[in-house]
Protein chains: 2
Amino acid sequence: MISIKISVPEKIYIRNPEDTILGKNIIQQSIILIEELGFEAFTFKKLAGAIESTEASIYRYFESKHHLLVYLVSWYWGWIDYQIAYRTNNIPDNKEKIKIALKVLVDMGKGEMSVDYIDERTLHKIVIAESSKVYHTKSVDTENKDGFFKTYKNLCHTFSKLFLAYKPDYTFSHALASTVLETSQQQIYFSQHFHSLTDVKLGEKPSQKIEDFLVHLVFGLL
Amino acid sequence: MISIKISVPEKIYIRNPEDTILGKNIIQQSIILIEELGFEAFTFKKLAGAIESTEASIYRYFESKHHLLVYLVSWYWGWIDYQIAYRTNNIPDNKEKIKIALKVLVDMGKGEMSVDYIDERTLHKIVIAESSKVYHTKSVDTENKDGFFKTYKNLCHTFSKLFLAYKPDYTFSHALASTVLETSQQQIYFSQHFHSLTDVKLGEKPSQKIEDFLVHLVFGLL
DNA sequence: TGTTTTTAATAGTAAAACTATTTTTTTTTT
DNA sequence: AAAAAAAAAATAGTTTTACTATTAAAAACA
């Protein structure tokens, strides 16, 4: 059995949750609870109740629930980046590589689970619904300096490189990469809540339509 | 002197802040305070202090600070929609119309103020930094039914129509419209906080580069 | 002018966010 | 294996935020 370890920037946590059973419980249950309650209604007290521990114990791992969310989302982007590297490996065609990468973004909600105590499907839902809160704070710049958004920026760089490999002289590779990342989440969210803001027709499979739009977006511009 | 009134969906507020001096004070000062403190640190208590009133009085206008943010952002989208209608009026060329609309999105942070008690420039900053929080909640669907996001959806529809006027058989007009709206905000935010996620070079004017990217995005796809 | 209605302030409560301190458990040393 | 040291987790708080029931003041109306 192989065990994949996604590394998350150190300053995000006080104590690495991967190192202890309690830590892993915190991660596992927080994913379930945040998805269930939404980030605003989620509290360390409720989480403590769910894992039969205490609020104060959770605070020894994460400074605040915001830091915990940053951890989860960072882990997710690291995971996506790894998935793209894995699935595009040995594919010679650059266009095909990009298509695979886009598919990973949209389809993560369906994949089989791979890391024992992390439910990637539920985590995907959290990312769709809550991830923008990770960097929309007054402390962005400090947190950015501390490397809080490193895995997201890495993933953006991965896309940027894929675009440049396909079309070396493209001038907007970074802007397109970040746009693709954000648009993929956003269109999934919109298809679930604001039907009129997407072009997913009744009866159509949203994920397929969104993938089509992303392909159209990327290859229409490159 | 002309007075423009942007109408905001009724269910957002308990009492229309436009109707009283206290209400207008709430709006005016909340814009300043939210921009200054960020939405998380902003409280009705602090706002009450700033306008020399009380928390309870503010609660007679808005059910929660979330509702107040929804009000501000809704007003902003209504205002942008009006600005686009105004500035594209009598322009015969459809391509030119779209370009004007995109310019409005990016340049709102610079315009002169027009509504006495609302500072549009500061409000623009709030929209860039906080607007995604408006619909990323567990209550999206209920609030959507109550019309909370009407002005945003209207604006999206405005763009969609502009795209279809330019290219009647385009299949992704709604998805492109929502993508353009979100991307414009997102790229402004990224240019301010995550330089590496955009292609704004050192010394370049961010707003011009972002406008260029949006034009490239729209006309590369249409 | 007196009555009704609206508006705002007082004075709270409940829950969330966070922390100092103690207790328990684990690890290390002898 | 027992004692000492270190680390982890629980107890029991405090402070702040979000929100509300009730009262007082002001405005509108008959």
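Labels below follow one simple rule: chain letters A, B, ... track the order of the sequence lines, proteins then strands, and each chain is numbered from 1. Just so it is clear, the values below take in all heavy atoms, side chains as well, and ignore hydrogens, waters and symmetry mates.
The CG atom of B:L22 sits 5 Å away from the P atom of C:dA8 (whole-angstrom rounding). In this structure, A:I58 places its CD1 atom 16 Å from P of D:dA8, rounding to the nearest Å. Rounded to whole Å, atom C1' of D:dT20 lies 11 Å from atom CD1 of B:I14. Straight-line distance from the CG atom of B:L47 to the P atom of D:dT17: 14 Å, rounded to whole Å. Atom NE2 of B:H67 and atom C1' of D:dC19 are 13 Å apart (whole Å). Remark: P of D:dA27 and CG of B:D19 are 16 Å apart, rounded to the nearest angstrom. As a whole-Å value, the separation of A:L69 CG from C:dA17 P is 13 Å. Atom pair A:E63:CD and C:dA16:P shows a separation of 20 Å (rounding to whole Å applied).
Contacts of B:R15 with the nucleic acid, taken as non-hydrogen atoms under 4.0 Å apart, involve only primed sugar atoms and P, OP1 or OP2.
Relative to the six-membered ring of B:F39, B:K65 meets both conditions, a distance below 6.0 Å and an angle of at most 45° to the axis.
Applying the 4.0 Å criterion to OP1 and OP2 of C:dA15, one finds that A:T43 has every side-chain N and O outside that range. Contact annotation: A:K65 side-chain N/O to C:dA17 OP1/OP2 distance is under 4.0 Å. A sub-4.0 Å separation between OP1 or OP2 of D:dA18 and a side-chain N or O of B:S64 is absent. Within the structure, every side-chain polar atom (N or O) of A:S57 is placed at least 4.0 Å from both OP1 and OP2 of D:dA9. When the side-chain nitrogen and oxygen atoms of B:Y61 are compared with OP1 and OP2 of C:dT7, none of them lie within a distance under 4.0 Å.
Position along DNA chain C of the nearest nucleotide to A:E55 versus A:R60 favours A:E55 as the more 5'-ward residue.
In this structure C:dT29 sits in a base pair with D:dA2, meeting the Watson-Crick or G-U test at under 3.5 Å. Partner assigned to C:dT13 is D:dA18, using Watson-Crick or G-U wobble distances below 3.5 angstrom.
For the pair A:E40 and B:K133, the salt-bridge criterion is not met [side-chain N within less than 4.0 Å of a carboxylate O]. With respect to A:K201 and A:E204, no salt bridge is recorded, no charged nitrogen being found less than 4.0 Å from a carboxylate O.
Distances from the side chain of B:Y59 to the nucleotides C:dA16, C:dT19, D:dA18 place D:dA18 closest.
A perpendicular orientation is assigned to the rings of B:Y135 and B:F149, their planes being inclined by more than 60° (bins at 30° and 60°).
Between the side chain of A:S178 and the backbone N or O of B:L197, at least one donor-acceptor pair lies under 3.5 Å.
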